[in-house]
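Here the structure comes first, spelled out in structure tokens, and everything after it is commentary.
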Amino acid sequence: MNAPQTGRLAATFARLQASGRKGLIPYLTAGDPTPAATVPIMHALVTAGADVLEFGVPFSDPMADGPVIQRACERALSHHTGLWDVLDMVAEFRRTDTTTPIVLMGYLNPVVICGVEAFAQRAAQAGVDGVLSVDLAVEEAADFVSTFRTAGLDSVFLLAPTSADARVTAVNEYAGGFLYYVSLKGVTGAATIDLDDVEKHVGRIRARTKLPIAVGFGIRDARSAAAVARVADAVVVGSALVAEIEAHRDDVAGLPSRLAAKLAPMRAALDSLK
Amino acid sequence: MTDFAVPDAGGHFGAYGGRFVAETLIEPLRQLEDAYARLKDDSAFKAELERDLHDYVGRPSPLYFAERLTKAWGGARIYLKREDLNHTGAHKINNTVGQALLARALGKTRIIAETGAGQHGVATATVAARLGLKCVVYMGSEDVARQSPNVYRMKLLGAEVRPVDSGSRTLKDALNEALRDWVTNVDDTYYLIGTVAGPHPYPMIVRDFNAVVGREVLQQAQAAFGRLPDALVACVGGGSNAMGLFHAFLPHEDVALYGVEAGGEGLASGHHAARLSGPGRPGVLHGNRTYVLADDNGQILGTHSISAGLDYPGVGPEHAWLKDIGRAHYVAITDNEALAAFHELSLVEGIIPALESSHAVAYAKKLAPQLGLDKNIVVNLSGRGDKDIFAIAEREGVKL
């Protein structure tokens with residue numbers, strides 16, 4: 001079921017591996033704090049060292065997210081940022097950046113209501129590379145993954161500390177691009193991280209997949225990013241960046257440089273691991 | 001003939017149901033599924049559940065012939081299934097008693113729940129108190145305001161009530177918050193869902209524990225009028241009291257099933273919770289595929305109902321399936337119609353119904369003359385109205 005390992009995600013991880021570098025994957029919610037602010041922030045994150053962008057699709061009921069990302073969704077939705085608007089932002093980003101992979105992260109309901117096939121085709125046209133549906137468990141995934149694959153989109157899946165070995169194998173059957181290990185039980189933006197535990201589980205996953213493994217949830221600064229990157233192929237940083245957007249939401253013009261300043265030390269810390 | 005032995009192993013009711021959750025919740029759901037599969041036919045478990053339902057809940061609840069109401073409406077005979085007489089005043093306790101036994105079997109020490117009207121919160125706090133388990137109930141802050149007697153009741157029972165200020169501050173947001181709590185505290189915490197929604201196996205478990213209602217009605221109808229009822233009527237928020245009443249009757253296809261949704265201020269107003277009888281469409285919410293009220297971008301819409309318990313944008317997946325196959329019919333009753341039924345039942349039969357159940361009563365009033373004199377309608381009187389009297393007094397400008 002795996003998508004062919006071609007395209008921007010595969011190329012990016014191959015390049016990272018060849019150069020012995022670790023991937024840095026920032027998350028931001030599309031349309032937060034305003035739709036006009038988003039594309040400049042995306043470019044700034046790439047300039048500051050992002051290898052892949054995780055691009056959140058706002059949803060009214062983000063059940064697996066903590067208060068920080070929930071509020072980001074509310075800010076985006078106050079400007080009515082819908083799924084098609086999100087794809088328009090991707091297309092605009094692609095006008096000047098044709099290489100940085102973009103993974104949409106969100107919940108299924110907008111995709112189902114807008115139409116899975118229509119979404120997949122328009123997402124691929126806009127320049128999306130992968131789709132991570134937070135509430136798409138592997139048991140329900142077959143039809144979605146096959147539609148996404150036909151359109152040329154990778155399906156990125158979450159794995160948790162509680163994912164049993166057989167489940168890791170099952171998820172790997174459907175997954176493309178990379179596997180995303182969520183290092184904490186809990187919602188996004190929660191507490192601290194147990195590195196020994198992460199290492200144990202990432203090792204367990206690695207034994208069952210050829211895909212790169214990104215680790216997220218609980219990474220907030222250069223130190224935690226570097227620590228996690230020792231055992232992962234890439235790290236995802238989300239709530240820490242979104243909290244920065246929230247704190248400076250009234251200074252939209254200044255957000256790209258603020259976000260870049262937040263991400264750059266993480267890039268430096270990852271590169272110092274070489 | 002339709003096979004009513006649903007759901008399948010994956011929790012599907014036709015195209016609906018299933019398990020649409022973040023990966024972190026898969027393992028606890030699997031554990032719950034295993035525990036339930038192991039215990040549901042276990043004779044000791046069944047005996048304990050039966051004892052609790054009899055001695056603690058007060059089952060069986062009566063099937064009451066509402067003679068004066070029948071006369072007043074001039075149509076089919078109206079029978080009321082008196083779930084309002086259960087301990088804690090609603091059908092909700094049938095499910096919480098059962099799930100509390102599951103929580104204990106799984107070794108959990110903390111129970112969390114979401115609640116709309118507060119009936120499920122009270123029923124959860126009640127069983128938690130009885131088993132000595134810590135209890136946290138999430139409740140939208142708007143519902144906290146309009147259901148204050150139940151909030152106080154939960155506190156008296158030792159539960160902590162956490163108001164939820166996000167989104168529309170109603171049941172759906174309480175459910176989001178409970179899911180977040182569960183994913184964070186999954187090791188020691190049991191999530192006691194109060195309706196036939198959520199991810200598999202909850203829609204099945206909650207239905208099964210409420211199905212005692214319909215099983216009793218099957219027997220009571222024989223005793224009361226010597227045959228099956230012609231129609232069953234129940235309100236549908238998430239849909240647990242309706243599934244409880246309907247379940248045993250699904251194969252009896254001559255028995256018409258009516259689920260009554262909140263028509264709020266009328267379907268044209270946009271302020272309602274008519275998922276199956278209005279503009280709802282198939283989507284994914286709170287772990288299952290079902291009909292939802294959503295805009296064209298797939299954002300979940302705010303709902304409105306005079307009754308907090310019906311104020312929910314999704315609906316149990318089995319109802320979605322029953323609608324599609326035509327086995328059950330779904331209709332809407334407005335706030336004003338429900339309120340009129342609330343008063344009429346109070347005055348004519350001396351029974352003050354919950355506002356949720358008043359929707360079912362109001363629809364039975366429309367149905368009775370259509371069916372005719374020689375027919376029998378069973379209405380699920382799912383809860384009593386004590387919790388609603390303050391909000392109604394305020395709405396009607398009465399100072400208490």
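Proteins come first, then strands; the chains are lettered A, B, ... in the order of their sequence lines, and each starts at number 1.
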Can a salt bridge be assigned to the pair [X] and [Y] using a cut-off of 4.0 Å between side-chain N and carboxylate O?
{"X": "B/Glu177", "Y": "B/Arg162", "value": "no"}
{"X": "A/Arg208", "Y": "A/Glu173", "value": "no"}
{"X": "A/Arg167", "Y": "B/Glu23", "value": "yes"}
{"X": "B/Arg289", "Y": "A/Asp135", "value": "no"}

For B/Tyr312, check ring pair (Phe, Tyr, Trp, His ring centres under 6.0 Å) against everything at least two apart and list the hits.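 Once residues adjacent in sequence are excluded, the partners of B/Tyr312 under the ring pair (Phe, Tyr, Trp, His ring centres under 6.0 Å) criterion are B/His286.
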Using ring pair (Phe, Tyr, Trp, His ring centres under 6.0 Å) as the criterion, list what pairs up with B/Tyr291, not counting sequence neighbours.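 Ring pair (Phe, Tyr, Trp, His ring centres under 6.0 Å) check on B/Tyr291 returns B/Tyr16.
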If you measure only the distance, is there a donor-acceptor pair under 3.5 Å linking the side chains of B/Asp311 and B/Thr170?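 No pair is found: no donor N or O on one side chain lies under 3.5 Å from an acceptor on the other.
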Side chain from CB out, backbone as N, CA, C, O: work out which of these in [X] comes under 4.5 Å of a heavy atom of chain A, or both, or neither.
{"X": "B/Pro282", "answer": "backbone"}
{"X": "B/Asp295", "answer": "backbone"}
{"X": "B/Ala22", "answer": "both"}
{"X": "B/Ile300", "answer": "both"}

A/Arg71 versus chain B, heavy atoms under 4.5 Å apart: side chain, backbone, both or neither?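 Contact with chain B is absent: no heavy atom of A/Arg71 under 4.5 Å.
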Given that the side chain runs from C-beta out, which part of A/Thr81 has a heavy atom under 4.5 Å from chain B: side chain, backbone, both or neither?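 A/Thr81 touches chain B through backbone heavy atoms alone.
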What residues, two or more places apart in sequence or in another chain, satisfy side-chain hydrogen bond (donor to acceptor under 3.5 Å, both in side chains) together with A/Tyr180?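 Counting only residues at least two positions away or on another chain, A/Tyr180 forms no side-chain hydrogen bond (donor to acceptor under 3.5 Å, both in side chains).
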Are there residues of residues 109-119 of chain A that reach to under 4.5 Å of chain B by heavy atoms, and which ones?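 Within residues 109-119 of chain A, near chain B: A/Asn109, A/Pro110, A/Val112, A/Ile113, A/Cys114.
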Should the heavy atoms of other residues, nucleotides or ligands under 6.0 Å from CG of A/Asp143 be counted, would the total exceed 12?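 At most 12 heavy atoms, drawn from other residues, nucleotides or ligands, come within 6.0 Å of this atom.
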Tell me, out of A/Leu83, A/Val57, A/Leu77, A/Leu136, who's got the most heavy-atom pairs with chain B below 4.5 Å.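 Counting heavy-atom pairs under 4.5 Å, the top option is A/Leu77.
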Could you check which of B/Pro313, B/Ser166, B/Pro28, B/Gly287 has the highest count of heavy-atom pairs closer than 4.5 Å to chain A?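 Between B/Pro313, B/Ser166, B/Pro28, B/Gly287, the count favours B/Ser166.
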Between B/Val6 and B/Glu318, which heavy-atom pair has the shortest distance, and what is it?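 Looking at all heavy atoms of both residues, the closest pair is CG2-OE2, 3.5 Å.
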